[in-house]
Structures are given as C-alpha cells and as structure tokens.
A.B. asks: 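Dropping a structure here in structure tokens format, bear with me for questions.
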Protein chains: 2
Amino acid sequence: MQQLNRQELRQKLVSCSLKATHQRIVVYEALLGLHGHHPAAEEVYRLLKPANPSISLGTVYKILDVFAENGLVRRVFSEQGCKRYDANTMAHSHIYCSNTREIIDFEDPELEELLQGFFQRRNMQNFEMHSFAIQLTGNKKEPDQQVSITKL
Amino acid sequence: MQQLNRQELRQKLVSCSLKATHQRIVVYEALLGLHGHHPAAEEVYRLLKPANPSISLGTVYKILDVFAENGLVRRVFSEQGCKRYDANTMAHSHIYCSNTREIIDFEDPELEELLQGFFQRRNMQNFEMHSFAIQLTGNKKEPDQQVSITKL
DNA sequence: TTCCAGATAAGAATTTTTCTTATGTAAGAA
DNA sequence: TTCTTACATAAGAAAAATTCTTATCTGGAA
Ligand SMILES: [Mn+2]
Ligand SMILES: [Mn+2]
Ligand SMILES: [Zn+2]
Ligand SMILES: [Zn+2]
C-alpha cells in the first residue's frame, strides 16, 4: 500500500469510471490510510467528519457501496454483522478474533495459490465465480500481541 | 438431514446442555426443515408465527444466537450483511449468488480436506483457531437451475 | 461557460439487532 | 405431586445499521 497523492487517487477513481469528487477522494484516502484496520462506514465517517464537516454518513455508506460494487475496495464480513471495508484488493484472507472483534489480515500466497488452483480444476456448472474468500475465526491468545505464522 | 421427531429434537438440545423449551424446539425444527435454505432470523420468525402466534422476533434472534454459540447450528454470512443460519454443521462451504441472493451449499470433501491439511501444517503463533469458512461469490447463469460440479 | 447526468446533504424511514423487565416454565428436590 | 429456583421467554422499547427521498450541487464533457 504505497502512499498515493490526491492526483493519483483521482486517477484511480477515474480509471474505475467513477467521478472523482472530493467526498470520494477523502473516503478512499481514509480507507488506504487505515490499511489493515477494516473499518465500518461509521468509523470512516467519524474519522473524516472533523476535517470535512459537511460530509454525511449516508454519503459515506453510498460511497463505500459504490467502491465495493466497482471493485475498488473489498467488503469484509465481521462476525458481529456490520459491513466492513478493505482498500487492499489483493488476494488475502481474514481472521476474525472473537475476543477483540478485530479483523486481521492473513496474507499467505501459498494458501491463495492452493485455492486458486483448486477452483481452476473444479468445473462448476451453471455458476460464474467472481471471487472466493476464506475467513478464520478464533481467539488471540495474547490480545495485545500480533498473530503470525511459521512455515514448517 | 434425517427427519427428527420432537423427542429426538428435545434430546439434541439437552445434549448441548440447552433447556428444551417449546420455542427452541420449533425453531430447531424449522431450521432442519429448511435444509439448504440458510434463513435469516426474520424468515424463521415468519415461518413459525402462524402456528406459534405468541413467539416473538426477539426470542427467535436469541435462540438462533444461543444455538450458534453452542455449535448446534452455524452462522453463515451473506454478502448483504444479515446473519443467516444453517442447521447443517458438517464441514461444507457456501456460494453466494449475487443475482438471486441465495446462499447455496457447496459440499466438497476434497476442498475441506485440502484446507484442513493446510491449516494443520501452518503453525499460527498467538492464535487459537476455532473454525474456517470459505465462501464463493458469483452468479448463477440460469437462475432457476442448480449449481453443480464435475471433477476433472 | 454552459449544461446536465449523476453525486451529495440532510434527515426521515426502514431494517436489523439488542436490551429490559415482568412473567413463565423446565427440571430437580422434597 | 408439589415446591423451588435458575434460567428462558414475551413484548415492546431502544439502539444500531442501513437505505431511501428529495432538493440542491458539481465534476467534467462539449
Ligand atoms: Mn460497526
Ligand atoms: Mn435478511
Ligand atoms: Zn484485509
Ligand atoms: Zn449450508
């Protein structure tokens, strides 16, 4: 997730055939800034409101929805139920920690390849697959510490 | 999903150390009857209300939540966001059809084994995994027809 | 510059979920 | 059987999450 300036953000929006409005730019910027945090619309709104007093919560919902529809961001589901968003559209998975209610990125190219390969071999009749997502649920043992993996 | 009579349902509940109240029995019965349908609380409520006029929506939410907490049923997340439930607790995956908003069972022992094996090999530090779930998103080509797989 | 399709603000409305509290009941004890 | 009590429920209020409506505004094309 490299830092993008406003002009680059603007171009990213245009490349998805979305009008590069101020609200869309700041929402996208906020999401990129919150990489790995997976905020809900409400959180994005709270973050933007001070510097953008005229933005409305409804607009934030709308924008996130449009972004997701256009593949600019990903929707991630929390065990709690509310929709959360992720500006990282690269193939990766998510861990939901029941303790802290965090959604943690789980980046494992080996897993993605394994699944990619599996679904390529599987021949699904009458279904056009757009994407797959895998989510783990469990608990951090030490809620303050990171989750990490070791390959055997 | 074999047909269970009320006495058997009662025992299933008791075996999860849940009191076998009338409401719990009818909710569980409804879920079993709707195998493969993955209803939301609201739908279970609508189904039960006519024969159980005194049941309340809040109670249905509570019961489904208690069931999921005790592993009697599974929570499945829809792309839309609302929680849906599945009485089939066997390892299986789900397909979300953006067209019809259906959640379709995707039973593939080979996939389950593949993932089971993967996570057994992966050593995750500071995280106790409870479960994993994989969901596909896409569209049925012929909305009325079934989705099926052919192994190559 | 002008124009207008489409985006936004604001707040109402709806939907989904949780909470509260008085009441009811399953199941074990007497 | 009757009593007891811990736990479950009903009902509706409340809260949280999301969508809708409409008047107004604006980005970007021409
Ligand atoms: Mn939230
Ligand atoms: Mn629903
Ligand atoms: Zn992520
Ligand atoms: Zn299922």
Side-chain angles (χ1 to χ4, degrees), chain A residues 6-7 9-28 30 38-70 72-73 75-85 101 103, chain B residues 6-7 9-28 30 38-46 48-70 72-73 75-85 101:
Chain A
R6 295 259 162 127
Q7 192 47 44
L9 294 175
R10 183 177 290 277
Q11 267 153 24
K12 196 89 200 285
L13 289 169
V14 170
S15 79
C16 293
S17 46
L18 292 174
K19 277 195 186 174
T21 65
H22 176 72
Q23 287 87 343
R24 286 177 173 179
I25 290 168
V26 294
V27 166
Y28 191 32
H38 312 96
E42 170 68 31
E43 288 169 74
V44 173
Y45 174 71
R46 274 205 313 273
L47 189 76
L48 293 178
K49 191 68 179 174
N52 306 267
S54 83
I55 203 167
S56 82
L57 179 57
T59 300
V60 174
Y61 268 104
K62 187 87 194 305
I63 289 176
L64 290 171
D65 203 49
V66 169
F67 283 3
E69 241 35 69
N70 287 79
L72 197 62
V73 308
R75 268 197 208 100
V76 183
F77 299 96
S78 74
E79 200 91 348
Q80 291 158 79
C82 70
K83 289 175 189 163
R84 295 171 58 171
Y85 294 86
R101 301 187 152 193
I103 292 176
Chain B
R6 296 256 161 129
Q7 190 50 43
L9 293 175
R10 183 176 289 276
Q11 266 154 25
K12 197 91 199 283
L13 289 170
V14 170
S15 78
C16 293
S17 46
L18 292 174
K19 279 194 183 174
T21 65
H22 177 71
Q23 286 85 345
R24 286 179 173 179
I25 290 170
V26 294
V27 166
Y28 191 31
H38 312 95
E42 170 68 32
E43 289 169 73
V44 173
Y45 173 71
R46 274 206 312 273
L48 293 177
K49 190 70 179 173
N52 306 266
S54 82
I55 204 167
S56 82
L57 180 57
T59 299
V60 175
Y61 269 103
K62 186 86 193 304
I63 288 175
L64 289 171
D65 203 49
V66 169
F67 282 3
E69 243 30 74
N70 288 79
L72 197 63
V73 307
R75 266 196 210 100
V76 183
F77 298 96
S78 73
E79 198 94 344
Q80 293 159 78
C82 72
K83 290 174 190 164
R84 295 172 57 172
Y85 293 86
R101 301 187 151 192

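Each chain gets a letter, A, B and so on, in the order the sequences are listed, and its residues count up from 1.
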A.B. asks: Is there a side-chain contact between A:R75 and A:R84 (heavy atoms, below 4.5 Å)?
C.D. replies: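 Sidechains of A:R84 and A:R75: no contact.
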A.B. asks: Please figure out whether B:V14 or B:D65 has its closest DNA chain C nucleotide nearer the 5' end.
C.D. replies: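 Nearer the 5' end of the strand: B:D65.
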A.B. asks: Checking B:R24 against B:L9 for the side-chain contact (heavy atoms from CB on, under 4.5 Å) test, could you report, in this order, the C-alpha distance in whole Å, the side-chain angles of both residues, the deciding distance, and whether it holds?
C.D. replies: CA-CA 9 Å; B:R24 286 179 173 179; B:L9 293 175; over 6 Å; no
A.B. asks: How many Å lie between NZ on A:K83 and C1' on C:dT17, as a whole number?
C.D. replies: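 Checked: the NZ to C1' distance equals 15 Å.
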A.B. asks: Provide the closest heavy-atom pair for A:V44 versus A:A30 in the form atom of the first, atom of the second, distance.
C.D. replies: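 In this case the closest contact between A:V44 and A:A30 is CG1-CB, 4.4 Å.
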A.B. asks: In whole Å, what is the span from the CZ atom of A:F77 to the C1' atom of D:dT18?
C.D. replies: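 Between C1' of D:dT18 and CZ of A:F77: 14 Å.
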A.B. asks: Does D:dT19 have OP1 or OP2 sitting under 4.0 Å from an N or O in the side chain of A:Y61?
C.D. replies: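 Indeed not, no polar side-chain atom of A:Y61 lies that close.
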A.B. asks: Considering heavy-atom distances to DNA chain C, does B:L57 or B:R10 have its closest nucleotide positioned more toward the 5' end?
C.D. replies: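 Its nearest nucleotide being more 5', the pick is B:L57.
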A.B. asks: Under a 3.5 Å distance rule, please check whether A:N52 uses its side chain to pair with a backbone N or O of A:L48 as donor and acceptor.
C.D. replies: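 Yes, because the side chain of A:N52 sits within donor-acceptor range (under 3.5 Å) of the backbone of A:L48.
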A.B. asks: Please lay out, stage by stage, how A:K19 and A:L13 fare under the test side-chain contact (heavy atoms from CB on, under 4.5 Å).
C.D. replies: CA-CA 7 Å; A:K19 277 195 186 174; A:L13 289 169; over 6 Å; no
A.B. asks: How many whole angstroms separate atom CD of A:E43 from atom P of D:dT18?
C.D. replies: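 The answer, rounded to whole Å, is 11 Å.
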A.B. asks: Send over the distance from B:R75 CZ to C:dT17 P, rounded to a whole Å.
C.D. replies: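 So the two atoms are 10 Å apart, to the nearest Å.
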A.B. asks: What are the two closest heavy atoms between A:N70 and A:C16, and how far apart are they?
C.D. replies: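 Closest heavy-atom pair between A:N70 and A:C16: ND2-O, 3.7 Å.
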A.B. asks: Would you mind classifying the nucleic acid contact of B:A20 as base, sugar-phosphate or nothing, using non-hydrogen atoms under 4.0 angstrom?
C.D. replies: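 Sugar-phosphate contact only.
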A.B. asks: Would you say that A:V26 contacts A:R6 through its side chain, given a criterion of any heavy-atom pair below 4.5 Å between the two side chains?
C.D. replies: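 Side chain of A:V26 against side chain of A:R6, heavy atoms only: contact under 4.5 Å found.
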A.B. asks: Counting the benzene-type ring for Trp, do B:Y85 and B:F67 have ring centres under 6.0 Å apart?
C.D. replies: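 No, they do not, as the ring centres are separated by 6.0 Å or more.
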A.B. asks: Rounded to the nearest Å, what distance is computed from the CD1 atom of residue B:I25 to the C1' atom of nucleotide C:dT25?
C.D. replies: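 After rounding, the reported distance stands at 13 Å.
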A.B. asks: In the 5'-to-3' direction, what one-character label does each nucleotide of nucleotides 7-14 of chain C receive under the scheme B = base within less than 4.0 Å of a protein heavy atom, S = sugar-phosphate only, - = no such atom?
C.D. replies: SSBB----
A.B. asks: Whole angstroms only, please: what is the CG-P distance between A:L64 and D:dA17?
C.D. replies: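 Atom-to-atom, A:L64 to D:dA17, this comes out as 14 Å.
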A.B. asks: B:L13 CG to D:dC7 C1': how many Å, rounded?
C.D. replies: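 For the pair B:L13 CG and D:dC7 C1', the rounded distance is 15 Å.
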A.B. asks: How sharply is the helix from C:dT1-D:dA30 to C:dA30-D:dT1 bent, taking the axes over five pairs at either end and rounding to 10 degrees?
C.D. replies: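 One end's axis against the other's: 30°.
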A.B. asks: Round to the nearest Å and state the distance from B:Y45 atom OH to C:dT15 atom P.
C.D. replies: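 Spelled out: OH on B:Y45 to P on C:dT15 is 14 Å.
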A.B. asks: For A:I55, is there any backbone N or O sitting under 3.5 Å from a side-chain donor or acceptor partner on A:K49?
C.D. replies: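 Yes: the side chain of A:K49 pairs with the backbone of A:I55.
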